[in-house]
Amino acid sequence: VSLSWQAPEEQRRVQELAALYAVSAAMNRALNEQAALSEALQQTLAVLALDSGKIYLLDRLNGQLTLAAAEGDLSLFDPAEVTITPGECLCGQALASGEALLTLDPAHDDRVIRAGCRCHGAHACAVVPLPAKEQPLGVLHVAARRMLAFSDTDMALLRSVAAQIGTAIENMRLREEARRAEALATLVQEM
């Protein structure tokens, strides 16, 4: 579909809607949570022309954010850093506050305290909580190799994508709980 007849702002809006649709479709067709998160990240990075992305989910047992999916330029993050304490660094602060956060230079931002986040060269990053009914499920973290000022429109799109992902994860988990309860009920009946 050619968008050349549309004004740049209209083209951007069509791209945003396409991104939301693509993320929603990816989350709905995936066979498991990991596949859904990876595909949603790929779609988000493609639409916003970003270099890397990660999704951390809150582990209710240990209270830590745990890396659930990573896509894009692997040199922009430390693969050894797979957990984050809520309140720590930009991701942990976004989870604790429930607010989207961004930085144009993590190496010189006092909020960024993890060595793995500070040492990957000049880049910009944004972190958005994944909302759910009770509390955020985790965070969406995206980064660009180039110094990029995330616009208000970019941040609005990231919040929308994060809301889609949060809702889809919550629904996937509820369906899994329902399947387990049904299997248990069947087992009890058979006994």
Side-chain angles (χ1 to χ4, degrees), residues 23-24 26-28 30-45 50 52-103 105-120 123-143 150 155 157-181 183-184:
V23 167
S24 177
M27 296 296 293
N28 288 327
L31 298 176
N32 60 52
E33 192 174 278
Q34 170 64 43
L37 295 175
S38 289
E39 192 165 342
L41 262 179
Q42 290 170 6
Q43 295 295 333
T44 303
L45 296 178
L50 298 171
S52 74
K54 301 178 282 189
I55 294 177
Y56 288 92
L57 296 178
L58 185 61
D59 184 328
R60 304 244 186 248
L61 297 177
N62 67 16
Q64 298 287 304
L65 284 168
T66 303
L67 185 63
E71 295 293 330
D73 184 352
L74 300 179
S75 71
L76 284 176
F77 50 87
D78 184 351
E81 289 188 330
V82 295
T83 60
I84 299 172
T85 302
E88 177 186 57
C89 212
L90 217 55
C91 289
Q93 290 174 27
L95 179 78
S97 71
E99 298 292 322
L101 300 174
L102 62 106
T103 182
D105 187 4
H108 298 99
D109 188 325
D110 292 338
R111 299 172 300 170
V112 180
I113 61 169
R114 295 165 56 88
C117 296
R118 294 178 74 94
C119 70
H120 296 291
H123 66 284
C125 66
V127 182
V128 183
L130 302 175
K133 288 180 185 169
E134 294 175 16
Q135 71 179 50
L137 294 172
V139 296
L140 166 66
H141 174 279
V142 293
F150 287 93
M155 295 305 293
L157 178 57
L158 286 172
R159 282 190 290 277
S160 295
V161 165
Q164 287 267 341
I165 292 170
T167 300
I169 291 170
E170 205 166 35
N171 289 340
M172 290 174 101
R173 289 178 177 178
L174 288 172
R175 283 192 300 269
E176 183 58 34
E177 285 178 26
R179 276 193 287 270
R180 279 192 231 127
L184 182 60

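Being a predicted model, the structure only gives us computed values, none of them experimental.
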* Structure fact -> CG of Leu140 to SG of Cys91, rounded to nearest 0.5 Å, is 9.0 Å
* To do: Heavy atoms only: give me the nearest Gly53-Leu41 pair and the separation to one decimal.
  => O-CD1, 3.6 Å
* Check whether any side-chain heavy atom of Leu50 sits under 4.5 Å from a side-chain heavy atom of Leu45, and report yes or no. => yes
* For Glu71, which residues count as a salt bridge (Lys or Arg N to Asp or Glu O under 4.0 Å) partner, sequence neighbours excluded? -> none
* **Minimal non-hydrogen separation, Met155 against Leu101, with atom names** => CE-O, 4.4 Å
* **Leu158 vs Thr44, side chain to side chain contact (heavy atoms under 4.5 Å, CB included): CA-CA, chis, key distance, verdict** => CA-CA 8 Å; Leu158 286 172; Thr44 303; 4.0 Å; yes
* Structure fact -> Nearest heavy-atom approach of Leu102 to Leu90 is C-CD2, 4.3 Å
* **Closest contact, heavy atoms only, Pro86 versus Leu58** => CG-CD1, 4.1 Å
* Structure fact -> When rounded to the nearest 0.5 Å, the distance separating OH of Tyr56 from CG of Leu95 is 12.5 Å
* Asked: Nearest heavy-atom pair of Ala94 and Pro129: which atoms, and what distance?
  -> O-CG, 3.3 Å
* Structure fact -> When His141, Gln93, Arg114 are each screened for side chain to side chain contact (heavy atoms under 4.5 Å, CB included) with Ile84, the one that passes is Arg114
* **Gln34 side chain to Ser38 side chain, donor-acceptor N/O pair below 3.5 angstrom** => yes
* **CG on Leu57 to CD1 on Ile169, rounded to 0.5 Å** => 4.5 Å
* side chain to side chain contact (heavy atoms under 4.5 Å, CB included) partner of Lys54, chosen from Leu67, Val82, Leu37, Leu65 -> Leu67
* What closest approach, in Å, do Val112 and Pro106 show between heavy atoms, and which atom pair accounts for it? -> CB-O, 3.6 Å
* Sequence-distant partners of Arg60, salt bridge (Lys or Arg N to Asp or Glu O under 4.0 Å), two or more places apart -> none
